[in-house]
Amino acid sequence: MFNPVDARPDLISIEHEALRRWREEGVFERLRAQTTGGPAWSFLDGPITANNPMGVHHAWGRTYKDLFQRFRASLGHELRWQQGFDCQGLWVEVNVERELGYTSKRQIEEQGLAEFISLCKQRVLTYAARQTEQSIRLGMWMDWNDPADLLKLRDALAKDPATSVTINGANGPISGPAEQLIGRLGTPEVGGSYFTFSDENNDLIWTFLAKCHERGWLYKGSDSMPWCARCGTGISQHEMTEGYADREDQSLYFGLALVDRPGEELIAWTTTPWTVVANVAAAVQPSLDYELVEFDGRKLWIGASRRAAALGGGAPRAKLLETRKGAELIGWKYRAPFDALPAVSEALGPDGAAHRVIAWDEVGSQEGTCIVHIAPGCGSDDHKLGVAEGLPAIAPIDESGVYLDGFGNLSGREWHEVTEDVFTHLTAAKSLLRREKITHRYPHCWRCATPLVFRLVDEWFISMGPLYEKPRDHLTKAEIDASLRYQIMAVVDRITWLPEFGYERELDWLRNMSDWMISKKRYWGLALPIYECTACGKVEVLSSRKDLEGRATAGAAALEGHTAHRPYIDEVQIDCSGCGAKVARVPDVGNPWLDAGIVSFSTMRYREDPEYWKRWFPADFITESFPGQFRNWFYSLLAMSTVMASSEPTKTVFGYGLVVGADGRAMHKSWGNSIEFDEAADRMGADVMRWLFVGSRPEENVHFGWEAADETRRRLLVLWNVYAFLVGQAASAGWKPKGSSATAKGRSVMDRWILSRSAELAASAERSFTAYDAYSAVRRLEEGIDELSTWYLRRTRERFAPDAPAADRDAAFDTLHQALLTLLRVAAPIAPFLTDAIYRNLASEGLADATGTSQAVGGAELPLAAAIRAGEAPGSIHLLHWPSAESAPWRDEVLEASMDRIIRAAELGRSVRSAANIRTRQPLARARVVLGVSGNDEAELREILADELNVKIVEAVGDASGLFERRVKVLLPKVGKRLGGSTQAVMQAARDGVVEFLAGGAVRIAGVDLAADEIEVQAVPREGQHVAEDDGLVVELDTTLTPELISEGDARELMRAVQDLRKLAGLRREDRIELQATGAQAPLAAHSAAIAAAVGAEKIQDVDRDPAGEEWRRGSVPLSSGEATLAIRRVTG
RNA sequence: GGGGGGAUAGCUCAGGUGGUUAGAGCUCCGAGCUUAUAUCUCGGCGGUCCCUGGUUCGAGUCCAGGUCCCCCUACCA
């Protein structure tokens, strides 16, 4: 027997209960055990940043990850079940700094790196534990570390890195000093999630970098880079995503006094006042016109096209003195307002002697003054231009954005707080012409939102190689060998990108990206294994920690017992292989995408177990949200796999969009549209969340909110309802799955139909999941729930009644039981909690011992129903094989097509009734139909339709032309050209039906002859006919009402009214009643037996007046003879 | 700044190569069905197809100009 079921499920407690059971019964471990040895299906998890609690946006991707893994496991595949945490990088530092209240790098160094790095590690462990708990709550099945172990490691590390700790390893307890154990997280012996700060991860990146160096791709570049003064680090091109925001700035027009043309000035424009001190040159466009104007006592050179704009409101006062081409200005020398500053005269000579006008093609005619202020120390283009022109560079600020010495009263102050002083100085120097506020797009730090500046820095890059000016298929092998860029593209070609546009987007990124900046002047991250000799300049890149230990000639002791992080690794020195001098590591740390990109090697035992690596690499599947990842994880994964193995890292990349608020805007706490993961899990539940996500189109953003969740929950409640019905009826009828032996053959049409639909569902969902199209699977599942509930169950309901014929009832129960189980098994990867809870109850009779299950259950050899009968059903739906093989024999496509027609015909019939104003409860004598359904089931299908339409008989007719009149539709695309100007008149006449039919199918309309193939004769219902048509399907109702039919209709009306009263009275199906009625003599006389049976009445009385007594529930019902009144009461005992 | 996409019902979106009554889902209203249902069925309300002009017998669709939004990309002063 099944356990009783609530009408309204408490989804949240069902989920907690399932989590508890999975844990206690080791369900996941059993799934792993039973799939071991199966064909490999390799999923590679993109690491989640362990820096904060998980958000609902993570839940979307994690749902995909989980469902495809569950699906593959149900097909018998062996999986690795390893997920990963991204651990190193600026974002962790930023949060730790915030916790400490730090605002600059200096404070970190004062505190000491060892302490700071330890805090970074602790933070990662804190949130790895938290995210582990949250992911488990989401139902994500992975080889998780015990969160308590992670916290234990954290606490030990905080106390003393050398503390010995014992945690759960892959094969039992494992012990070691805390810091060293942390470095071994994710290894085969420790098991669990991978952590990108692990020894193996960092070590393999060294290998990668050494390979790049061997091939000559690694170099130190000096460039003007976007720089975050707060973080004290350069920002790489990869990190510029979403780094732009509108910003209001002060722009200024300022004069540069010409040396050889006394009294004349060049007017330059800039939006960055802080860079004016670094001015070295002024660039003009040689082909543009420049004008010298007299204005308020000054003589100013301005681009002709910008004169009015530059002078603002005073423009009309200007007097034109002279016009010259830009080319003529080139070489003019000038003095700038800050030439007296020591740092400036040191760089440019006394009085700024090096200032001159230069040519630059990029100068446009639509901005500023067409004279561009050039500061090679403060801008990327400026820097390039400066190099080309042989100009000196002035780099005024340090890594914190503070002015260096030699800049007068600016020295020691931050770049963004000197604007007013610059204006004051320019005004005093009689240079300032005008200032105005402008808003423009400006780059900001993606982590801390500080506006960026451009700074001259030395950074390390991996060269992407040349970009050729010809199509890729014209490149020679030598050209490709010389360019990592094209090698990666070749790898991109071999990957299946979902959605398809991902392919183009990745190629586009590769075409456009410049060299990969891999260094950061920070603390918490990969220690770059780069050793640059200060004596001879030789650069060496070490390939592993072992390599370093072999080469170390000083400081090795400091590193001992520590992971390869700062500050310990900074102590180690090697002897330069060129000149023998002592060399220390460059202090920079690595770009964090290096950490995530190496995981297809570091987590797949690339070094210690090549056989294992070959089995799992390349991955079959990766999935991440695509905004950003084309330049980040996808890119680094591709680049590193290309360099390390010349292979694609994965066969399929599946990208999905963003989670936004219900209003379509990005989630923001202050906008009130933000939902935390924990809140969502507690209120809507994980299954609803998962279903909502998977039912969304991956290429578009999900609008996530409570209303959408309610809509999703409603769908799942329908499923629950079917289940609750089955359990409730089984209790009443005493049905058990064990006694059932029904097979598909010989069952009723309805039974065979729903089983066939179940088989189709399993097969089509398998196809969808295999193609990573979970969206279609959800759509099909929702259709399946609908079919099961609103067609199968609604039409079959009465067969489950306790007093229904036993054999047929048995078949109905068995059919519903199997159809429901099949649907649940298809839905299980998406909604793992609810489906498992229902399964457990539906299979409760036949559950095997916890250990006695095997993979074969639910396959073709041992169908689930047989396993339940044999007491061999596994304890969880997630241990069953995918149901398509076992359900395949149920398939009957002809029947499915026929039933489709019947369902549609029923809808047409209801439409006819509605139009004729005859309610469905009123029986009619006859329906005539053109069905287009044939075969053995035709008669039974017609009976279903008759019952559904409440007609005595459904008569199939071959031709329904008598019910319709001809209407001519002119085929405009065919005749429009020929008709020309008379088109409108012909169309109007055709609409009015003024048509003359000619021989051979031709017609004459509005005086124009149209051939048979130029028109289409359509059938529209004849006036007064009760008929509806759709796609060749015709339903006509005979609406003649005889006294017998009316009386029967009244009887139905009466039953309905009594049922309503029963419901109002809160009676249950098995309760018996007594009925008294007034004004319903005729139907009672003719149909009392049927009424009594339908409403469960033991006694029916036709009375003159309502009975007295409070126990009676009263109501009324309109009958053909007038209003009747009713009263019922429950018969007790 | 460059490149791409879009603007259609209150909301989310469909509407090959132009064809005359512009559709679906959700919402709302009405009716129907129903002692499993919050489901479902039928019907209704709801549109200046962003604006202006053009081509055409005919334009949501094609062309030109404009306005606004989104995505990708970019340190132009």
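Sequence lines set the chain letters: A, B, ... in the order given, protein chains first and strands last, and positions in each chain run from 1. Keep in mind that what you see is a predicted model, and the values were worked out from it rather than measured. Values reported hereafter were calculated over all heavy atoms of this structure, with side chains retained and with hydrogens, waters and symmetry mates removed.
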* Structure fact -> Taken in chain and number order and not counting sequence neighbours, the residues that satisfy ring pair (Phe, Tyr, Trp, His ring centres under 6.0 Å) with A/Trp415 are A/Trp274
* Gap in Å between the two P atoms, one belonging to B/G1 and one to B/G66, rounded -> 13 Å
* Whole-Å P distance, B/G18 and B/C62 -> 8 Å
* Structure fact -> Looking only at B/A38, B/C76, B/G19, the nucleotide nearest the A/Arg8 side chain is B/A38
* Asked: Can you tell me how far P of B/U27 sits from CG of A/Asp710, to the nearest Å?
  -> 12 Å
* Given the P atoms of B/U17 and B/C26, what is the spacing between them in whole Å? -> 29 Å
* Asked: Does a distance-only test, which skips hydrogens and angles, find a donor-acceptor pair under 3.5 Å between the side chain of A/Thr983 and the base of B/C57?
  -> yes
* Pair A/Glu711 + A/Arg715, salt bridge at N-O below 4.0 Å -> yes
* To do: In whole angstrom, give me the gap between the C1' atoms of B/U52 and B/U41.
  => 46 Å
* Take A/Arg919 and A/Gln922 through the side-chain hydrogen bond (donor to acceptor under 3.5 Å, both in side chains) test and state the conclusion after the steps. => CA-CA 6 Å; A/Arg919 61 187 63 182; A/Gln922 173 61 56; over 6 Å; no
* Asked: Honestly, is A/Arg779 close enough over A/Tyr775, meaning NZ or CZ under 6.0 Å from the six-membered ring centre and within 45° of the axis?
  -> yes
* **Whole-angstrom distance between B/G2 and B/C45, as gauged at atom C1'** => 47 Å
* Base-pairing string, 5' to 3', of RNA chain B - Watson-Crick or wobble, under 3.5 Å, | interstrand -> (((((((..((((.....[...)))).(((((.......))))).....(((((..]....))))))))))))....
* After noting the C-alpha distance and the side-chain angles of A/Asp1071 and A/Arg1062, does the key distance pass the salt bridge (charged side-chain N to carboxylate O under 4.0 Å, His left out) rule? -> CA-CA 9 Å; A/Asp1071 292 328; A/Arg1062 289 186 58 121; 5.3 Å; no
* Closest-nucleotide 5' rank along RNA chain B - winner of A/Gln729 and A/Val912 -> A/Gln729
* Structure fact -> When rounded to whole Å, the CD to C1' distance for the pair A/Glu782 and B/C26 reads 13 Å
* To do: Establish whether the base of B/A77 is bridged to the side chain of A/Thr275 by a donor-acceptor pair shorter than 3.5 Å.
  => no
* Asked: Quick one: OG on A/Ser789 to CG on A/Leu719, what's the gap to the nearest 0.5 Å?
  -> 9.5 Å
* Asked: With sequence neighbours left out, what residues match A/Asp508 under salt bridge (Lys or Arg N to Asp or Glu O under 4.0 Å)?
  -> A/Arg511
* Proximity to the side chain of A/Ser789 - top-ranked nucleotide from B/G19, B/U37, B/C40 -> B/U37
* Asked: Which of the following nucleotides, B/A77, B/A74, B/U37, is nearest to the side chain of A/Trp509?
  -> B/A74
* Asked: When the P atoms of B/C70 and B/A31 are considered, how many whole Å apart are they?
  -> 44 Å
* Contact pattern, 5' to 3', of nucleotides 6-18 of chain B - B, S or - by protein heavy atom under 4.0 Å -> -------------
* Asked: What's the closest nucleotide to the A/Ser911 side chain, out of B/A77, B/G43, B/A38?
  -> B/G43
* Asked: Is there a side chain to side chain contact (heavy atoms under 4.5 Å, CB included) between A/Leu1126 and A/Leu1061 once you walk through the steps?
  -> CA-CA 9 Å; A/Leu1126 304 171; A/Leu1061 285 181; 4.0 Å; yes
* Sugar-phosphate means primed atoms, P, OP1 and OP2; the rest is base. With that split, encode nucleotides 28-35 of chain B 5' to 3' as B, S or - using protein heavy atoms under 4.0 Å. => ----SSBB
* Using whole Å, report how far CD of A/Gln984 lies from C1' of B/G58. => 6 Å
* To do: Using the P atoms only, state how far B/U8 lies from B/G60, rounded to an integer number of Å.
  => 15 Å
* Asked: salt bridge (charged side-chain N to carboxylate O under 4.0 Å, His left out): which pairs involve residues 970-988 of chain A, sequence neighbours left out?
  -> A/Arg978-A/Glu1014
* Picking from B/U37, B/U39, B/A77, which would you name as closest to the side chain of A/Asn721? -> B/U37
* Check if the side chain of A/Arg713 and the base of B/A38 share a donor-acceptor pair of N or O atoms closer than 3.5 Å. => no
